[in-house]
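What you see below is based on every heavy atom in this structure, not just the backbone, and it leaves out hydrogens, waters and symmetry mates. A quick note: this is a predicted structure, and the numbers were derived from the prediction, not measured.
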Amino acid sequence: MARIAMLGSGFIGRFYADSLQGYRSRDKIVSIYSRRTESARKFAEDYNVAHYTTDMEEAIAHPDVDIVCISLPNNLHEAAVLLCCKHRKAVMTTKPLGRNGEEAKRMLQAVEQAGIFNGYLEDLVYTPKFIKAMESVKNGALGRILWAKSRETHPGPHSDWFWDMEQAGGGCILDLGCHCVEITRSYIGKDIKPVEVMCWADTQVKPIDAEDHAIGLVKYENGAIGQFEVSWTFRGGLDLRDEVMGSEGTIWINSFLRTGFDMFTTGKGADYVAEKAESNTGWLFPVGDELNELGYNHMFMDMFNALEGGRDPKETFYDGYVVNCILDAAYRSAKSKQWEPVQLEIWRGRTGVTKDSHLTEYDADHYLVKEEVTHYGAKKVILKNKQTGKISEKVLS
């Protein structure tokens, strides 16, 4: 059983609480911190939490607490992490780890120097579809991974602090790009170093200082490309999609907006349908089990099993640090309009990785370009001569 201090009583804190106290059915939130007394009290009532407070350190230092779950605005993550280090409490935090790479590095170094368990709550690499897709990638079903793309778009976040640059640290790149970067990085290989980023970003719709729409490319040392598309301007709900392309296959994933569950309603009796749904009338696309489909159940199972087993979870503060550094490069690129290097002062993956060969042997004299069966039944191959470079085709039958 894990006894948890929840820091934050808002949207994500309640999502976490629903999963924390429901999935394994043996974990319990024993203390809740909120910046407002009424919010802390209401959360305590709703989730049967014995202790509530508006003093963050009091919640963390509570003698019954084994692990702290941070679901606070971005600008409060570091202060909360340092208090966890002070009181030697295991900690897991919502994404992004920090507002920038430097902030993330300080948190990473702090938890490692304190020797405490640390988990990075990147839920979208724990979704059932992602887990299944990763199994196929690891088993070689797609061959050599060439390109991975992740898209997250919706009409904008729920709370006021997201829209404030000082509290949030950025706009949709930081809020949504952190998901997309870790998804694509996982498919390409988390031991492969990201080297540079090209990013376009703009403020197209919202009356804010931060960007509300962005597209970026992340180049990796082995030649693979990660791509992210993020927006707070998309109308129609929450759109989560991934694509992975390899030398031997392709995966397409639609995680939320098109799930095979379609419903039409005039709105009579309708209330909450799905996260970021913009309407409760017309054709709607509900999600059968949001906690599971968004990865929360598998994420917390991994966190607590790792804590109990004395091992690292799949996602740690180190992963959050790498993601923050990639996003820093994206922000620099959006300003410079050029490829910008990823500045990683701490790198624990492979080094000196070269681009994998794209040449496939056909015979002693040729490389294989393509093989196919035509609509009239003929089998043929397209070949390239190794010496002359000449392209030719050969009909096999």
Side-chain angles (χ1 to χ4, degrees), residues 19 23 92 94-97 118-152 176-194 216-230 238-260 287-306 309 311-323 326-327 348-350 353 356:
S19 180
Y23 189 52
M92 49 189 179
T94 191
K95 59 79 195 172
L97 178 56
N118 57 95
Y120 178 54
L121 299 180
E122 176 42 77
D123 58 289
L124 293 187
V125 298
Y126 288 98
T127 68
K129 290 177 182 177
F130 177 88
I131 291 170
K132 184 66 176 180
M134 273 302 302
E135 287 178 4
S136 297
V137 169
K138 289 179 178 178
N139 291 335
L142 270 61
R144 179 165 50 94
I145 301 303
L146 310 173
W147 171 71
K149 170 186 172 183
S150 183
R151 168 186 171 91
E152 179 169 0
L176 308 180
C178 58
H179 286 306
C180 298
V181 163
E182 189 65 351
I183 289 168
T184 55
R185 175 175 170 255
S186 297
Y187 284 128
I188 291 168
K190 293 203 293 185
D191 59 339
I192 305 300
K193 190 174 185 179
L217 298 174
V218 183
K219 187 184 297 182
Y220 286 80
E221 198 171 40
N222 66 349
I225 287 288
Q227 180 178 342
F228 64 82
E229 298 179 4
V230 294
L238 174 58
D239 187 12
L240 300 176
R241 281 182 279 166
D242 302 334
E243 298 178 38
V244 192
M245 184 180 74
S247 58
E248 303 298 327
T250 302
I251 291 174
W252 292 344
I253 295 176
N254 194 324
S255 295
F256 216 76
L257 198 58
R258 292 292 186 275
T259 62
V287 177
D289 185 345
E290 287 191 55
L291 295 176
N292 204 54
E293 291 304 313
L294 289 172
Y296 296 129
N297 291 338
H298 292 83
M299 176 177 70
F300 285 119
M301 180 174 65
D302 177 47
M303 293 291 156
F304 292 141
N305 287 348
R311 61 171 175 82
D312 289 336
K314 185 169 73 172
E315 294 287 317
T316 68
F317 276 26
Y318 172 71
D319 297 297
Y321 161 72
V322 173
V323 168
I326 293 171
L327 297 179
R348 296 170 181 169
R350 296 159 60 190
V353 177
D356 295 327

Inset, instruction - Mind checking the CD-CG spacing from Glu315 to Leu124? Nearest 0.5 Å is all I need. - result: 10.5 Å

Inset, instruction - Find out whether Thr184 and Val218 are in side-chain contact, i.e. whether some heavy atom of one side chain is under 4.5 Å from a heavy atom of the other. - result: no

Inset, instruction - Could you pull out the closest heavy-atom pair between Ile192 and Ile188, with the gap in Å? - result: CG1-O, 4.0 Å

Inset, instruction - To the nearest 0.5 angstrom, please state how far the CG atom of Asn292 sits from the OH atom of Tyr126. - result: 14.0 Å

Legend entry - Sequence-distant partners of Lys219, side-chain hydrogen bond (donor to acceptor under 3.5 Å, both in side chains), two or more places apart: Glu196

Legend entry - Reported NZ-to-OH distance for the pair Lys190 and Tyr220, which is rounded to 0.5 angstrom: 11.0 Å

Inset, instruction - Side-chain contact test, heavy atoms from C-beta onward, threshold under 4.5 Å: evaluate it for Glu152 versus Phe256 and give yes or no. - result: no

Inset, instruction - Taking the side chain as every heavy atom from C-beta outward, state whether Val323 and Pro96 have any pair of such atoms under 4.5 Å apart. - result: no

For residues 135-150, please give each side-chain donor-acceptor pair under 3.5 Å, one per line with the distance, not counting sequence neighbours.
residue : atom : partner : partner atom : Å
Asn139  : ND2  : Glu135  : O            : 3.1
Arg144  : NH2  : Ser357  : O            : 3.3
Trp147  : NE1  : Gln227  : OE1          : 3.1
Lys149  : NZ   : Glu229  : OE2          : 3.1
Ser150  : OG   : Asp242  : OD1          : 2.9

Inset, instruction - For the residue pair Lys193 and Arg350, establish whether any side-chain heavy-atom pair is separated by less than 4.5 Å. - result: no

Legend entry - Side-chain touch Met299/Val125, heavy atoms, less than 4.5 angstrom: no

Legend entry - Nearest atoms (heavy-atom pairs only) where Ser186 meets Phe130: CB-CZ, 3.6 Å

Legend entry - Inter-residue atom distance Asp123.CG - Tyr296.OH, 0.5 Å rounding: 4.5 Å

Legend entry - Validation row: Asn118, Tyr120 side chains within 4.5 angstrom (heavy atoms): no

Legend entry - Val230 versus Gly177, closest heavy-atom pair with distance: CG1-N, 3.6 Å

Legend entry - Nearest-0.5 Å distance that lies between atom CG in Leu240 and atom CD in Glu293: 10.5 Å

Inset, instruction - Mind listing the closest non-hydrogen atom pair of Ala133 and Ile253 along with its distance? - result: CB-CD1, 3.7 Å

Inset, instruction - State, with a plain yes or no, whether a side-chain heavy atom of Lys95 is found less than 4.5 Å away from one of Leu121. - result: no

Legend entry - Salt-bridge contact Asp319-Arg185 (side-chain N to carboxylate O under 4.0 Å): yes

Legend entry - Minimum side-chain heavy-atom gap Lys132-Lys129 below 4.5 Å: no

Inset, instruction - Can you sort out the partners of Phe300 under ring pair (Phe, Tyr, Trp, His ring centres under 6.0 Å), two or more places apart, ordered by chain and number? - result: Tyr16

Legend entry - Spacing of SG belonging to Cys180 relative to CZ belonging to Phe228, to within rounding of 0.5 Å: 8.0 Å

Inset, instruction - For the pair Glu243 and Arg151, find out whether any cationic side-chain nitrogen is under 4.0 Å from an anionic carboxylate oxygen. - result: no

